[in-house]
Number of protein chains: 2
Amino acid sequence: MMLKIGALASLAGVSRDTLRFYEKHGLITPDTRTDSGYRLYSETDVYRISFILSAKEVGFTLNEIHQLLELEVTKDDKSCHDVKQFVDNKIQVVNQRLGEMEKIKQSLKTLSNACCGGDEPATHCTILGALSVQNR
Amino acid sequence: MMLKIGALASLAGVSRDTLRFYEKHGLITPDTRTDSGYRLYSETDVYRISFILSAKEVGFTLNEIHQLLELEVTKDDKSCHDVKQFVDNKIQVVNQRLGEMEKIKQSLKTLSNACCGGDEPATHCTILGALSVQNR
DNA sequence: CTTGACCTTGGACTATACTCCACCCTTTAT
DNA sequence: ATAAAGGGTGGAGTATAGTCCAAGGTCAAG
Ligand SMILES: [Zn+2]
Ligand SMILES: [Zn+2]
Ligand SMILES: [Zn+2]
Ligand SMILES: [Zn+2]
């Protein structure tokens, strides 16, 4: 049961271009090609694209998915420790980004709260005022 | 008191390239030029770059800063309401992004918690297993 | 035999925010 | 006079994740 690119694309819910893009970046390669050059994907490839999309879903970048796939294909030589480590690192990164965004949100809230929000000209607006002063 | 690009750059703590980049994108334009074409920045420009950097600090994109600067220069015709609205919209966006990242973090934590993290081969790893199954 | 659906490649374009480079000109200091 | 420091332009490159397009080849049905 081999699938042409369109079939795999609609099965996975991505565009044919996306599959070719992933291929160019080493994430998924068709099992074979027809004589005329059509890509043919095997069941392993279906599994693989599913892996990629699931990993994307939980926030991994394509680059990280590349590394994850390497863990996946060499899982005989890798330990659970390695895999878990990888995920835990990502959690750290996400946490850090979460903190930054939280700080941003607080700053924005402070700005917003200080503004009267009225209908008079914004010449006296505390938001505009606060932004034009170098903070920090 | 006119500043050449290098002076403003070191004053603001950005590179000359960044100032030229901002100029190309309509964020800041030197007041004048010397006969030889050197950019000359006025005090208003210093204030402007300070505004840009402060806005960046609180998470606005350059595009949004562009819009903010328009509010700023036309503040006689704008109301506090307009400015506050703009900031509140951004808070909404940040909040949404925050929610997405939180969900990602939870997914990653679930993955991590299910993995034994041991030193045996990762052939049985629940993380790799979970990722290769299409979730949702 | 032709039409339409599907496939191929390569390359351009999107958004975001710069950075670096080459190549050349100006200004300042010794 | 000359060298170093600083400035100018245009264009390419980086990372991220694709999308869109043109020009052409292939395949099944009517
Ligand atoms: Zn007000
Ligand atoms: Zn206000
Ligand atoms: Zn295990
Ligand atoms: Zn495991």
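Just so it is clear, the structure is predicted and the values come from calculations on it, not from any experiment. First the proteins, then the strands, lettered A, B, ... as listed; each starts at 1.
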Requested in this report: In plain terms, say whether A:Glu23 and A:Arg20 are close enough for a salt bridge, that is, a side-chain N and a carboxylate O under 4.0 Å apart.
Outcome: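 Between A:Arg20 and A:Glu23 there is no salt bridge, as every charged N stays at least 4.0 Å from the carboxylate O atoms.
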Carboxylate-amine/guanidinium proximity below 4.0 Å for B:Lys103 and B:Glu100: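 No, this pair does not count.
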Using heavy-atom distances to pick each residue's nearest nucleotide on DNA chain D, tell me which of B:Ala7 and A:Asp17 is more 5'.
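The residue closer to the strand's 5' end, by nearest nucleotide, is B:Ala7.
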Does [N] have its OP1 or OP2 closer than 4.0 Å to a side-chain nitrogen or oxygen of [X]?
{"X": "A:Arg39", "N": "C:dC7", "answer": "no"}
{"X": "B:Asn63", "N": "C:dA15", "answer": "no"}
{"X": "B:Ser36", "N": "D:dG8", "answer": "no"}
{"X": "B:Arg16", "N": "D:dG6", "answer": "no"}

What integer distance in Å separates [X]:[atom1] from [N]:[atom2]?
{"X": "B:Phe21", "N": "C:dC21", "atom1": "CZ", "atom2": "C1'", "answer": "17 Å"}
{"X": "A:Tyr41", "N": "C:dC7", "atom1": "OH", "atom2": "C1'", "answer": "11 Å"}
{"X": "A:Lys24", "N": "C:dT9", "atom1": "NZ", "atom2": "C1'", "answer": "10 Å"}
{"X": "B:Phe60", "N": "C:dA17", "atom1": "CZ", "atom2": "C1'", "answer": "17 Å"}
{"X": "A:His66", "N": "D:dT16", "atom1": "NE2", "atom2": "C1'", "answer": "15 Å"}
{"X": "B:Leu19", "N": "C:dC18", "atom1": "CG", "atom2": "C1'", "answer": "12 Å"}
{"X": "A:Leu27", "N": "D:dT16", "atom1": "CG", "atom2": "P", "answer": "12 Å"}
{"X": "B:Asp35", "N": "C:dT27", "atom1": "CG", "atom2": "P", "answer": "8 Å"}

key: More than 12 heavy atoms of other groups within 6.0 Å of A:Lys78 NZ   =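 No, the 6.0 Å shell around NZ holds no more than 12 heavy atoms from other groups.
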Distance-only donor-acceptor test, B:Tyr38 side-chain atoms vs D:dG8 base atoms, 3.5 Å:
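Per atom types, no contact qualifies.
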Under 3.5 Å, is there any donor-acceptor pair linking the side chain of A:Tyr22 to the base of D:dG18?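 Side chain to base: no pair below 3.5 Å.
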Indicate, with a heavy-atom threshold strictly under 4.0 Å, whether [X] touches base, sugar-phosphate, or nothing.
{"X": "B:Lys56", "result": "sugar-phosphate"}
{"X": "A:Arg20", "result": "base"}
{"X": "B:Ser15", "result": "sugar-phosphate"}
{"X": "A:Thr61", "result": "sugar-phosphate"}

Original post:
Considering heavy-atom distances to DNA chain C, does A:Lys4 or B:His25 have its closest nucleotide positioned more toward the 5' end?
Top reply: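 Upstream on the strand: A:Lys4.
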Query raised in the report: What's the spacing between A:Tyr41 OH and A:Arg39 CZ if we round to 0.5 Å?
Result: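 Reported value, rounded in 0.5 Å steps: 5.5 Å.
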| task | Find the distance between NZ (B:Lys75) and SG (A:Cys125) and round it off to the nearest 0.5 Å. | result |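 So the gap between those two atoms works out to 9.0 Å.
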